[in-house]
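Have a look at the structure below, then the notes.
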Amino acid sequence: MTEKDYVELANLLYPDAQDTAFYLKKYKPRNAKGEVTRIAPSPTGYLHIGQLYQAVIHRMVADKTGGIFYCRLEDTDTKREVENAGQIAYDMLVRFGLKPDEGYCGDRREIGEYGPYVQSKRIEIYNAFAKELVKRGKAFPCFCAGSENKEEILKRREEELEESNDIEVKDPCRNLTLEQIKANLKAGKKFALRLKSEGNVTKTHEFVDRIKGKKDLRENAKDDVLIKSNGVPVYALAHVVDDTLMGTTTIVRGQEWFQSLPVHIELSRAFGFKPFKYAHTPNICVIDEKTGNKRKISKRKDPFADVRFFLKQGYPTTAIIEYILNLLNSDFEVWRKNNPTLPYTEFQFAINKIGVTNPMFDFAKLNDISKTIISRYTAEQVYTNALNWAKEWNEKDYEIIKQNKANLIKVFSIDRGGDRPRKDITKFDEITTLYNYVLPNFKPKFNLNLGNVNKQKLKEFLTDYANNYAQQADNQAWFENLKQVAGNHNFVDNKTYKQNPSAYAGNITDASKFVRLAITGAENSPELYSIMKILGKATCVERLNNLIKKLK
RNA sequence: GGUCCCUUCGUCUAAUGGUUAGGACACCACCCUUUCACGGUGGUAAUAUGGGUUCGAAUCCCGUAGGGAUCACCA
C-alpha cells in the first residue's frame, strides 16, 4: 500500500474521527514541576491490597516531588465489569488517606482539566489516535475471529504452546490489500485494529526502570490488538494515549507489565510521543498452603486481598499504610522510631529505595505496627475509633461500646499517655473481649492451672482477701495490702520463694495471678488496682468468691 | 516449553570489592518491677549451589538449582 492508500484506509475505517492535533492542542502540557502519577483501577471487583500498595507509591512520589496524583477509571473490559466497583475503589482510596488530587471521584463526579477520566467516555479520542496510526501505516484492520471466553483462550494457548515455543508471529491480516479490506467492510465484517509491528525480537535496546534499574529490552514483534472489534481499546493503546494526553510522567505499575513494555514503547514511538519513565514494582505475596510456594495475593483465596478486610477487623488505616511503607522503603521503620509522633507523610519516600523481590505479607509485623499506633492514641481516641468501627461493622459491639463509655475510657486510660504506653490493642474488634471484665454480663472463662501453688492455702488466702477487701487509696496501698494478706497465708516475696520453693504456698506473683484471674478472667491485664477500683467492692468480692467456689 | 525477572536470618531487609555480615518483627533467656504489660540487656538464626576473576566476593562473570511472572480482541 502507498501512503495515499493509508490515508484512504484511515478515512474509510474512521470517517468521523477528529485529527489528533485537536486533542494534542486541547490538553495543554502540565506545568506541575514534580512527578505526575496515576492510579487506574478497573471496576472488576473491589480495591485490592496490591492497588493500595501502588496508591501509596503514587501518592508519596507525587507529594515528595510537588507533583500530582490522579485517578482514571479503566472500564474498557465490559465483560468483567462489576457494578459500583469504581465508586468503591475510589471511596477506599479516600478512606485510607490517599485521596487523588484529580480525576475520577466516583460515579458522578470528576475534577480536572484532562478529562473525561473514565475510559469508556474517551472512545472518540482513541479513534482519532487509531486513525493517525493507520495514516502512518503503523496499524491495520484484522477481520479474524472476535473475542472468546477465558477458558477457550487458555485451551487454545496450551495447544499453541505444544506446537511452537514462539507464538510471536505477524498477523496474516497485515498483508490484506486495500481492495480486500474494502470488500470485507462492504460485507459488513467487523474489524479489530492491530499494531503493524516493525520490531525484531533479536534486537535489544537499553532501558532504565526506576526500580529495576538498567535492563536490556527486546524489541516487540507482535501485531497486538489495539482496538477490539467492539470498538473499545485495549490497555496498551489507552495507556499510551491517556497518559500522554493527561501528562503522566512516571508510570508506576506491577512488574507483571514489564514484559509488555516493548509493545508500549513501540506504540509510543509510532505516535512520536515523548517516552514515559517507568517503575515496575514487586508484588505482595503469600505462601500457598497447598503448594508451599510463594504466590501473588489472590482475591479468591485470600480474604485480605480486599482492603475492606482490614477495615472490618478494625485495623487503623494508618497501620496498613505504614506497614506498606515499611515494605516499600525499609528505612521507614528507622525513621518512625526516631520520629514517633510525626505523620507518615513527612517521611522522605524514594521510589528507588523499593526492592525488586516480591515481599511476603506478614501479619505479625502488621500487628506490631498497629499496636504501636493505637498505643499512642489517647483513651478518648481509642474509644471514638472503637465506636466508629463498631457502628459500621458490628452492631452488637456498637451497643456494648456505646453503653459502657465511662468504664471503657477508664480502662483504656490505664498505662496510657506516658513515654512507654501499654501496647495491647491490635485492632478494634478485640475491644469487647479484651476488656470484657469491665462490661456487663461478664462470665470469665479460663482453665484453672494451679502449678506449684498449694490449693488449700490459696483458698484460705482468697477467702481472707475477699472477706476483708476494702478499696485502697492508691496503687501502693493496694499492693501492700495484698502482700500482707497473702503473707499471712504463706505466700512470700519472689526472692524468698526462690530460695526454697517447697517451703511456701506460693509467691506474690502467684497470689496476684489468681486475684487477677478472679477479677478479669485473664492472666494478662492492665494494672489490677485500677481495674478493681473501676469495678467497685461488691463486684470484686463477688468475683473472688466465684473463684473460691471453683477451688473445691 | 520460549522469554523475562528474582534468590542475605522463619519474615521484611541493610551492607554500591575490604563490616565480627547490621537492624526490625517473631521466638528464647535474663534484668527491671509493686502483679500484667511497657521497657532494658543478651541469645538462637542468613549471603541457594558449583566454578571463575581478584591480594580480597554477599557484592563482578559463567553454569546449576529453586521461585516468580509472561506468552488474550483482561487489565
Side-chain angles (χ1 to χ4, degrees), chain A residues 40-42 44 74-77 79-80 142 144-148 150 152-154 156-158 160-168 190-194 201 212 215-218 222 224-230 232-236 238-239 253-261 280 282-283 285 287 293-296 323 326-327 329-334 336-337 355-369 375 414-415 418-424 475-476 478-480 482-483 493-494 507-513 515-516 520 522-529 531:
Chain A
S42 336
T44 52
E74 307 220 325
D75 60 343
T76 55
D77 184 5
K79 269 180 280 179
R80 294 200 305 170
C142 165
C144 302
S147 56
E148 307 163 273
K150 197 172 177 183
E152 287 168 342
I153 290 165
L154 291 176
R156 197 198 66 229
R157 185 197 292 178
E158 252 172 58
E160 281 177 357
L161 287 177
E162 272 174 33
E163 287 168 19
S164 158
N165 290 329
D166 183 16
I167 54 180
E168 297 190 0
K190 298 220 167 199
F191 68 92
L193 193 76
R194 284 183 185 272
V201 282
K212 296 162 86 76
K215 294 286 161 200
D216 277 335
L217 227 50
R218 286 171 171 239
K222 274 176 80 180
D224 264 352
V225 168
L226 300 177
I227 294 190
K228 299 180 251 180
S229 52
N230 64 1
V232 177
V234 297
Y235 173 85
H239 149 52
R253 59 187 182 188
Q255 59 182 214
E256 65 274 18
W257 288 105
F258 190 71
Q259 279 170 101
S260 46
L261 184 57
H280 290 90
N283 293 118
C285 288
I287 293 284
N293 289 333
K294 254 188 183 185
R295 62 165 169 75
K296 256 181 18 172
Y323 174 64
N326 179 61
L327 290 182
N329 277 194
S330 64
D331 57 335
F332 174 75
E333 61 187 351
V334 176
R336 175 46 87 208
K337 199 174 182 179
V356 287
T357 57
N358 294 337
M360 301 262 276
F361 196 92
D362 184 2
F363 271 94
K365 187 91 179 185
L366 168 64
N367 288 346
D368 180 66
I369 289 172
S375 76
I414 304 172
D415 294 336
D419 289 341
R420 296 183 299 194
R422 194 180 176 81
K423 286 166 57 169
D424 52 4
N475 197 4
Q476 177 106 29
W478 172 86
F479 188 74
E480 286 305 321
L482 176 80
K483 219 157 56 170
D493 69 81
N494 295 350
N507 59 35
I508 197 69
T509 307
D510 295 320
S512 322
K513 175 179 154 185
V515 174
R516 166 169 278 116
T520 69
E523 288 187 22
N524 294 356
S525 82
E527 171 243 320
L528 256 183
Y529 162 73
I531 293 171

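Order of the sequence lines sets the chain letters (A, B, ...), proteins ahead of strands, with each chain counted from 1.
- Residue R218(A) is classed as a sugar-phosphate contact, given heavy-atom separations below 4.0 Å to backbone atoms only.
- At a cut-off of 3.5 angstrom, counting only N and O atoms as typed in the model, there is no donor on one side facing an acceptor on the other between the side-chain of R194(A) and the base of C73(B).
- Glycosidic torsion of C38(B) falls within 90° of 0, placing the base in syn.
- Taking atom CG of N475(A) as the reference point, atom P of U33(B) lies 15 Å away to the nearest angstrom.
- With both ends at atom C1', the span from G51(B) to A65(B) equals 14 Å, rounded to whole Å.
- C25(B) and G10(B) make up a base pair, with Watson-Crick or G-U wobble contacts both under 3.5 Å.
- Comment: K365(A) engages E333(A) in a salt bridge, judged by a side-chain N to carboxylate O separation of less than 4.0 angstrom.
- Under 4.0 angstrom from either OP1 or OP2 of A24(B) there lies no side-chain N or O belonging to S330(A).
- G17(B) makes up no base pair with any nucleotide shown, lacking Watson-Crick or G-U wobble contacts both under 3.5 Å.
- Among the heavy atoms of the strands lying under 4.0 Å from T357(A) are primed sugar atoms or P, OP1, OP2 only; no base atom is included.
- The side chain of S229(A) lies closest to C73(B), out of C73(B), A37(B), U35(B).
- Using atom P as the reference point in both C32(B) and U41(B), the two lie 15 Å apart (nearest Å).
- Among the heavy atoms of the strands, none lies under 4.0 Å from E480(A).
- Salt bridge status for D368(A) with K423(A): present, with a side-chain N to carboxylate O gap under 4.0 Å.
- Distances from the side chain of K337(A) to the nucleotides C73(B), C6(B), A24(B) place A24(B) closest.
- With a cut-off of 3.5 Å on both pairing distances, C73(B) has no Watson-Crick or G-U wobble partner at all.
- Between K228(A) and C74(B) there is a side-chain polar atom (N or O) within less than 4.0 angstrom of OP1 or OP2.
- Whole-Å rounding puts the K423(A) NZ to G39(B) C1' distance at 10 Å.
- Pair assignment for C38(B) gives none, since no Watson-Crick or G-U wobble pairing has each distance under 3.5 Å.
- In this structure, D424(A) places its CG atom 17 Å from P of U35(B), rounding to the nearest Å.
- Among the protein residues, E256(A) comes within range of the sugar-phosphate backbone only, with heavy atoms under 4.0 Å from sugar or phosphate atoms but none that close to a base.
- Under 4.0 angstrom from either OP1 or OP2 of C12(B) there lies no side-chain N or O belonging to N326(A).
- Comparing G17(B) with U59(B), their P atoms are spaced 12 Å from each other, to the whole Å.
- Comparing the C1' positions of G42(B) and A69(B) gives an interatomic distance of 43 Å, to the nearest angstrom.
- Candidate nucleotides U34(B), C25(B), C6(B) were compared by shortest atom distance to the side chain of A364(A), and C25(B) ranks first.
- Computed from coordinates, the M360(A) CE to U8(B) P distance equals 11 Å when rounded to whole Å.
- P421(A) comes within contact range of the sugar-phosphate backbone alone, with a heavy-atom separation under 4.0 Å but no base atom that close.
- Of the listed nucleotides (C4(B), U7(B), U35(B)), U35(B) has the atom at the smallest distance from the side chain of E527(A).
- Side-chain atoms of K294(A) lie closest to G67(B) of the nucleotides G67(B), A37(B), C25(B).
- Using N1 to N3 plus N6-O4 or O6-N4 for Watson-Crick, or N1-O2 and O6-N3 for G-U wobble, each under 3.5 Å, A57(B) pairs with nothing.
- When the C1' atom is used for both G52(B) and G40(B), the distance is 48 Å, rounded to whole Å.
- Looking at heavy-atom distances under 4.0 Å, T76(A) makes contact with sugar-phosphate atoms alone, never a base.
- Nucleic acid contact class of F258(A) (heavy atoms, under 4.0 Å, all strands): sugar-phosphate only.
- If you measure from atom CG of N358(A) to atom P of U7(B), you get 10 Å, rounded to the nearest angstrom.
- Comparing U49(B) with U8(B), their C1' atoms sit 14 Å apart, to the nearest whole Å.
- Residue contacts for E74(A): at a heavy-atom cut-off of 4.0 Å it reaches the sugar-phosphate backbone alone, with no base atom in range.
- As a whole-Å value, the separation of D368(A) CG from A26(B) P is 5 Å.
- Within the shown strands, nothing qualifies as a pairing partner of A46(B) under the Watson-Crick or G-U definition with both distances less than 3.5 Å.
- Across the C1' atoms, A46(B) and C5(B) are found 22 Å apart, a figure rounded to whole Å.
- Across all strands shown, L327(A) has heavy atoms under 4.0 Å from sugar-phosphate atoms exclusively, and none from any base.
- Using the six-membered ring where Trp is involved, Y235(A) and W257(A) have ring planes that are parallel, under 30° apart on the 30 and 60° scheme.
- The CG-P distance, from D331(A) to A24(B), rounds to 15 Å in whole Å.
- Counting atom types as modelled, E333(A) pairs a side-chain N or O with a base atom of G23(B) as donor and acceptor under 3.5 Å.
- Contact annotation for K215(A): backbone-only contact, meaning every heavy-atom pair under 4.0 Å involves sugar-phosphate atoms and none involves a base.
- With values rounded to the nearest 0.5 angstrom, N230(A) atom CG is found 5.5 Å from K228(A) atom NZ.
- Pairing for C4(B) is with G68(B), a Watson-Crick or G-U wobble pair whose two hydrogen-bonding atom distances lie under 3.5 Å.
- Distance NE2 (H280(A)) to C1' (C6(B)): 16 Å, rounded to an integer number of Å.
- Rounded to the nearest 0.5 Å, atoms CZ (F479(A)) and CD1 (I508(A)) are 4.5 Å apart.
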